[in-house]
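Here's the structure, in structure tokens; my notes come after.
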Amino acid sequence: TPGRSASSPARRDLGLPAAMALSSELLGAIDDVCANQTSAGASHTCERLLSAAVTDLDAAIGDGETARTIFYLLIGAYMVLFMQAGFAMLEVGVVRAKNAKAIAFKNLVDLFLGGVVWWLIGFGLSANGASGATGTNNYADSWGSNGASFLHSFAFAVTTTTIVSGGVAERCKFDAYVAYSIFMIGIIYPLVVSWCWDGEGFLAERGFLDFAGSGVVHLTGGVGALVGAICVGPRYGRFVDDDDEGIVEVVEFKSHSSVISNLGTYILFFGWFSFNASSTLAADADSMHTAAVAAANTLLCPAFAFCVGMIMQIYYFRTHDLPAAHNYILGGLVAITGPCAFVQSWAACVIGVISAITTSTASHVNVALKIDDPLDAFAVHGANGLLGLIAVGLFAEENLVGDDDFGAFLGGGGRILEANLLGGLVIIAWSGGVSLVIFQGLKYLPGVGLRVDKDTELLGLDMKYHDGFAYPELSQAMVQEANEYRLAEMRVQQKNIKKKKRAAKTPRRTGQPGSMKGSSMEGGSDKDSSVSGWVRRKETRDDASETKL
């Protein structure tokens with residue numbers, strides 16, 4: 001019927017294929033009728049019929065594309081939300097067993113309390129940068145077509161918050177972390193989204209390109225984790241140093257279950273394909289081609305990062321370290337998140353090689369600066385997030401970015417690189433500055449504080465905050481015994497550092513009167529060796545239980 005509403009029940013009930021078939025038949029019939037008409041009135045009627053049929057067909061196709069896009073966003077959001085299970089398993093496996101419940105509970109806070117904050121504040125503050133959201137007043141509103149955008153954008157937002165939990169693990173107060181996570185998902189991250197992904201954002205207008213969030217998601221969270229790790233300080237016993245000489249002994253806190261972390265890495269790797277590919281935010285033919293490019297690069301980059309990282313591990317440390325392998329894989333995934341849809345496969349491989357070097361370097365620099373980042377959150381997410389932004393400016397392919405100014409290494413100008421460097425600096429300044437104010441404010445706020453007391457940290461956060469340990473075989477007496485071993489080792493290390501300092505300043509004259517070699521006052525070498533050896537032998541005998549503790 002000419003003039004039928006585009007939203008009439010008849011067309012909705014037919015579905016897209018039937019509507020297209022009916023409209024095609026109608027167009028053919030009208031064309032046959034019009035070809036045999038000679039009067040002006042009949043021709044006018046035919047034109048009306050033809051116009052109505054074309055309008056109906058366009059509306060049917062448009063509704064079908066909208067439905068496919070909504071379905072695509074929802075499926076993508078489900079897979080990205082499942083990545084929270086991966087983050088939980090990764091973090092639980094890395095921390096010591098006495099803190100397993102604490103880190104798992106923090107992930108629940110990120111997901112479910114974060115959902116409330118994102119609905120109330122974050123989604124609206126992100127404006128039209130939140131996964132294609134429309135409208136200007138989306139506070140406490142996920143109704144209508146914005147529902148899919150709300151869920152999809154929240155999946156990305158909660159990832160940013162979870163990154164920070166790794167940097168402050170095992171010594172941050174629970175209520176302090178909850179307060180910070182509210183600020184991250186409610187204010188810090190949403191404004192970055194509006195600046196970078198909203199078409200009217202000041203960074204987007206300058207040509208900033210970050211397809212799935214190397215900078216927007218991972219650099220924001222990584223910088224927050226770094227600031228948090230600095231403000232809360234290193235875990236007790238992580239660094240044994242002599243303030244006079246600046247000699248630092250780094251004590252390695254091993255993962256209590258690398259196997260659990262390995263499961264988490266697999267889950268994250270699987271979810272990352274949706275993280276990157278679903279960032280097309282549409283399901284038309286061109287978008288699906290872009291999604292395929294993004295997915296292929298999402299495999300290649302971490303694969304090369306893993307291979308190069310393991311070569312470095314074997315060459316320098318003569319070992320195949322599983323936690324290090326996890327970091328190389330995740331670092332490669334972060335580095336390709338921003339450029340995944342803008343670069344060719346060879347460039348993704350190059351980015352993976354650079355990512356492995358970046359991850360290793362950033363981790364060692366943190367240790368050299370005595371910054372205790374238990375999960376290497378900054379090395380994996382912050383450093384590689386910045387690398388991803390730079391990689392877009394260097395390797396973006398002309399036919400993929402749709403711009404005259406493409407990657408600088410491919411002959412394009414430097415406009416994208418300049419915009420992304422500016423965006424990276426803005427994100428670092430914003431996320432780092434606000435995080436510093438929040439963490440320091442919580443640190444000195446009466447009645448709150450940032451860090452748990454020493455006894456709680458040594459015993460474990462699970463006993464203090466979560467009604468006992470996660471593992472039934474883990475008892476308070478076992479944890480206290482392990483702490484005694486650790487304290488004995490630290491005393492020996494400190495004594496040896498002081499001995500080396502005195503020996504460097506004053507050469508020892510053995511056999512002379514007044515020599516204090518081997519005396520109880522100095523704590524002679526034989527005694528030190530026996531104590532140190534006892535600690536090492538004890539740890540060797542109980543290697544499995546000590547590692548778990």
Side-chain angles (χ1 to χ4, degrees), residues 90-91 93-96 166-167 169 218 222 225-226 229 234-235 237-242 245-262 264-266 268-269 300-336 348-388 390-391 489-490 493 496-497 500 532 535-536 539-540 543-544 546-547:
L90 176 71
E91 296 182 22
V94 168
V95 302
R96 289 166 289 181
H218 296 281
L226 177 65
R235 289 168 290 179
R238 180 72 168 97
F239 303 108
V240 180
D241 62 341
D242 178 29
E245 294 295 321
I247 303 172
V248 178
E249 186 82 19
V250 180
V251 180
E252 190 71 25
F253 292 166
K254 291 187 177 296
S255 305
H256 93 269
S257 178
S258 295
V259 176
I260 295 178
S261 296
N262 196 52
T265 303
Y266 276 119
L268 288 172
F269 175 64
L300 290 174
C301 186
F304 272 77
F306 169 81
C307 293
V308 173
M310 288 301 96
I311 290 172
M312 292 192 297
Q313 283 288 312
I314 295 170
Y315 181 79
Y316 289 108
F317 305 108
R318 301 292 189 270
T319 182
H320 302 86
D321 187 38
L322 188 57
H326 298 157
N327 284 347
Y328 289 125
I329 293 169
L330 296 174
L333 288 167
V334 172
I336 199 60
C349 300
V350 173
I351 295 169
V353 173
I354 301 173
S355 171
I357 300 172
T358 301
T359 302
S360 179
T361 302
S363 178
H364 284 88
V365 168
N366 270 354
V367 173
L369 296 175
K370 294 194 292 185
I371 299 173
D372 185 16
D373 187 349
L375 277 96
D376 275 329
F378 176 76
V380 171
H381 298 276
N384 282 287
L386 183 60
L387 171 62
I390 296 173
E489 183 182 38
M490 289 174 59
Q493 289 172 331
N496 288 336
I497 289 174
K500 291 177 183 178
S532 179
V535 173
R536 284 196 295 269
E539 290 185 343
T540 302
D543 183 68
E546 172 66 11
T547 299

### Message
Test your reading of the model: is there a side-chain donor-acceptor pair from Arg96 to the backbone of Ser255, 3.5 Å cut-off?
### Response
no
### Query
With sequence neighbours left out, what residues match Val259 under side-chain contact (heavy atoms from CB on, under 4.5 Å)?
Ser257
### Task
Considering non-hydrogen atoms only, spot the tightest contact between Val380 and Gly331 and give its length.
CG1-N, 3.8 Å
### Query
What's the shortest heavy-atom distance between Cys301 and Gly332, and which atoms?
SG-O, 3.2 Å
### Query
Among all residues two or more places apart in sequence or in another chain, which pass the side-chain contact (heavy atoms from CB on, under 4.5 Å) test with Ala391?
Pro339, Ile351, Phe395
### Query
Which heavy atom of Val95 sits nearest a heavy atom of Ala169, and at what distance?
CG1-CB, 4.1 Å
### Query
Which pair of heavy atoms, one from Ala335 and one from Leu387, lies closest together, and at what distance?
CB-CD2, 3.9 Å
### Message
Test of understanding: with ring-ring contact (aromatic ring centres under 6.0 Å, His included), list the residues that count as partners of His218, not counting sequence neighbours.
### Response
Trp272, Phe275, His381
Donor-acceptor pairs under 3.5 angstrom involving side-chain atoms of residues 356-367: please list them, not counting sequence neighbours.
residue	atom	partner	partner atom	Å
Thr358	OG1	Ile354	O	2.8
Thr359	OG1	Ser355	O	3.0
Thr359	OG1	Asn384	ND2	2.9
Thr361	OG1	Ile357	O	2.8
Ser363	OG	Asp376	OD1	3.2
Ser363	OG	Asp376	OD2	3.1
His364	ND1	Ser360	O	2.8

### Message
Could you work out, with ring-ring contact (aromatic ring centres under 6.0 Å, His included) as the rule, every residue matching Phe269, not counting sequence neighbours?
### Response
Phe273
#### Entry: Shortest non-hydrogen contact between Pro302 and Leu333, atoms and distance
CG-CD2, 3.5 Å
### Task
Could I get the full list of salt bridge (Lys or Arg N to Asp or Glu O under 4.0 Å) partners for Arg235, not counting sequence neighbours?
Glu170, Asp372
### Closest heavy-atom pair and its distance - Phe306, Tyr328
CA-CB, 4.3 Å
Donor-acceptor pairs are to be reported for all side-chain atoms of residues 312-319 against protein atoms at under 3.5 Å, with residues two or more places apart or in another chain.
residue	atom	partner	partner atom	Å
Arg318	NH1	Ile314	O	3.1
Arg318	NH1	Tyr315	O	2.2

### Query
What distance separates Ser258 OG from Leu322 CG, expressed to the nearest 0.5 Å?
5.0 Å
### Query
Rounded to the nearest 0.5 Å, how far apart are CD1 of Ile371 and CG of Leu369?
5.0 Å
#### Entry: Spatial distance of atom CG (Asp321) from atom CG (Asn327) [nearest 0.5 Å]
9.0 Å
### Message
I'd like to check Val250 versus Phe239 (side-chain heavy atoms, cut-off strictly below 4.5 Å). Are they in contact?
### Response
yes
